[in-house]
Visitor: 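Just passing along the structure, written as structure tokens.
We count ligands from 1, going down the list as the structure has it; atoms in each ligand are counted the same way.
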Amino acid sequence: MGYRRDTEPKACEITPEAIWQERRQVLSALLLGGASAIISPTAHADAAPSGRLLPAPRNPAFVAQEPPNSWVDATTYNNFYEFGTDKSDPARNAGTLRPAPWSVTIGGEAQLRGTFALDDLLKPHPLEERIYRLRCVEAWSMVIPWIGFPLAALIQRFKPTSKAKYVAFTTLQDPVQMPGQRSGVLDWPYVEGLRIDEATHPLAFLAVGLYGRVLPNQSGAPLRLVVPWKYGFKSAKSIVRIDFLEHAPKTTWAVSNPREYGFYANVNPAVDHPRWSQKTERAIGAGLFAPRRATRPFNGYSEVASLYTGMDLAQWF
Ligand SMILES: Nc1nc2c(c(=O)[nH]1)N[C@H]1C(S)=C(S)[C@@H](COP(=O)(O)O)O[C@H]1N2
Ligand SMILES: [Mo]
């Protein structure tokens, strides 16, 4: 995130088309020379998915325009600060996480509450596959086939009271399993939150798998949020608590730097991050010299716009 700004080009560094065309010719010359392993970030893009199979029918109502990224892109280029701040750290370090047995506590303003073994929590919910774009606040994006179920289904089951205006999601706190928590780079545990109408929108999704497999640890095993119209940091990983609240929770990134990271975090090309533009994005896996893409409002999920009617999205960023 903000601590890795050196890895992301600034808007002023975006390569004009003529220059990248020229570079592409240089690149193909290099490729012919056999240098692909050095210069291609997706040299292993054909590696096969691994982990326990988790078959689920695809929901055709949720597919992306772009082809999905490779399994390797999705599982080796991650943000999961509990395992380090480099994109490659989670894949390398998340082996210490024990995703089973796992339990989740449901608390706060709801008629039903309690601590549930993950399997019991999941039992009533049929799994489906949805292809969602995930857009990081650092201006890169990926397209991933997730397996899970709508967050709204879980929320309805626990019968939030009329006082429940927000939902908070808390990641595991255990510096033995999550060695990155020995550093003070963020306040632990990682907490994210949604307004209850956002949380019950049909797009909000709880994922337990991807690419037909159970979630690998670096992807947020065994249970993570996917909120495709918001910057990636809203999609909390390895969730152990879900709380219904009357007031907005203090969310980790907004606490760490309130000027740069807001509670809403809706993908918005018209509101720049204080240190870089949000107008364009880099599609992970598209190649080093692929042109940047235009960022779309709400990451292309325009059906959520009515949740924010009357709100100034530059103020409520
Ligand atoms: N617990 C926790 N959840 C997290 C993060 C994190 O550091 N810790 N990073 C967030 C950010 S910034 C992004 S972009 C997404 C990345 O998800 P992915 O690695 O599956 O692509 O996870 C989000 N969820
Ligand atoms: Mo992110």
Visitor: Does Arg224 reach ligand 1, in the sense of a heavy atom lying below 4.0 Å from it?
Guide: yes
Visitor: Could you check, using the six-membered ring where one of them is a Trp, whether Tyr308 and Trp316 have ring centers closer than 6.0 angstrom?
Guide: no
Visitor: Using a strict cut-off of 4.0 Å, indicate which atoms of ligand 1 neighbour a heavy atom of Asn78.
Guide: 18 (P), 19 (O), 20 (O)
Visitor: Please work out which of the three classes, parallel, tilted or perpendicular, describes the rings of Tyr132 and Phe205, given edges at 30° and 60°.
Guide: perpendicular
Visitor: Could you tell me, atom by atom, which parts of ligand 1 come under 4.0 Å of a heavy atom of Tyr81?
Guide: 6 (C), 7 (O)
Visitor: Are Tyr190 and Phe169 packed together at the side-chain level, in the sense that at least one heavy-atom pair is separated by less than 4.5 angstrom?
Guide: no
Visitor: With a 4.0 Å heavy-atom cut-off (strictly under), which part of Lys234 contacts ligand 1: side chain, backbone, both or neither?
Guide: neither
Visitor: If you group Ile, Leu, Val, Met, Phe, Trp and Tyr whenever their side-chain heavy atoms sit less than 4.5 Å apart, what else falls in with Val271?
Guide: Phe317
Visitor: Should the pair Lys230-Glu198 be classified as a salt bridge under the 4.0 Å nitrogen-to-oxygen rule?
Guide: yes
Visitor: In terms of atom number and element, which parts of ligand 1 are under 4.0 angstrom from non-hydrogen atoms of Tyr190?
Guide: 1 (N), 2 (C), 3 (N), 4 (C), 5 (C), 6 (C), 7 (O), 8 (N), 9 (N), 10 (C), 24 (N)
Visitor: Relative to the heavy atoms of Cys136, which atoms of ligand 1 are at a distance of less than 4.0 Å?
Guide: 14 (S)
Visitor: Based purely on interatomic distance, does Trp140 place a nitrogen or oxygen under 3.5 Å from a nitrogen or oxygen of ligand 1?
Guide: no
Visitor: Less than 3.5 Å between some nitrogen or oxygen of Ser235 and one of ligand 1, yes or no?
Guide: yes
Visitor: If only side-chain N and O atoms count, and only distance matters, is there a donor-acceptor pair under 3.5 Å linking Glu109 with Tyr166?
Guide: no
Visitor: Please classify the Met142 to ligand 1 contact at 4.0 Å (heavy-atom distances, strictly less than): side chain, backbone, both or neither.
Guide: neither
Visitor: Quick check: do Asp119 and Pro101 have side-chain heavy atoms less than 4.5 Å from each other?
Guide: no
Visitor: Give yes or no for whether the N/O distance cutoff of 3.5 Å, strictly under, is met between Gln218 and ligand 1.
Guide: no
Visitor: Heavy-atom contacts with Thr171 under 4.0 Å: which atoms of ligand 1 show up? List them by number with element.
Guide: 1 (N)
Visitor: Without hydrogens or angle criteria, can the side chains of Gln173 and Arg241 be said to hold a donor-acceptor pair below 3.5 Å?
Guide: no
Visitor: Below 3.5 angstrom, do we get any N/O pair linking Glu82 and ligand 1?
Guide: yes
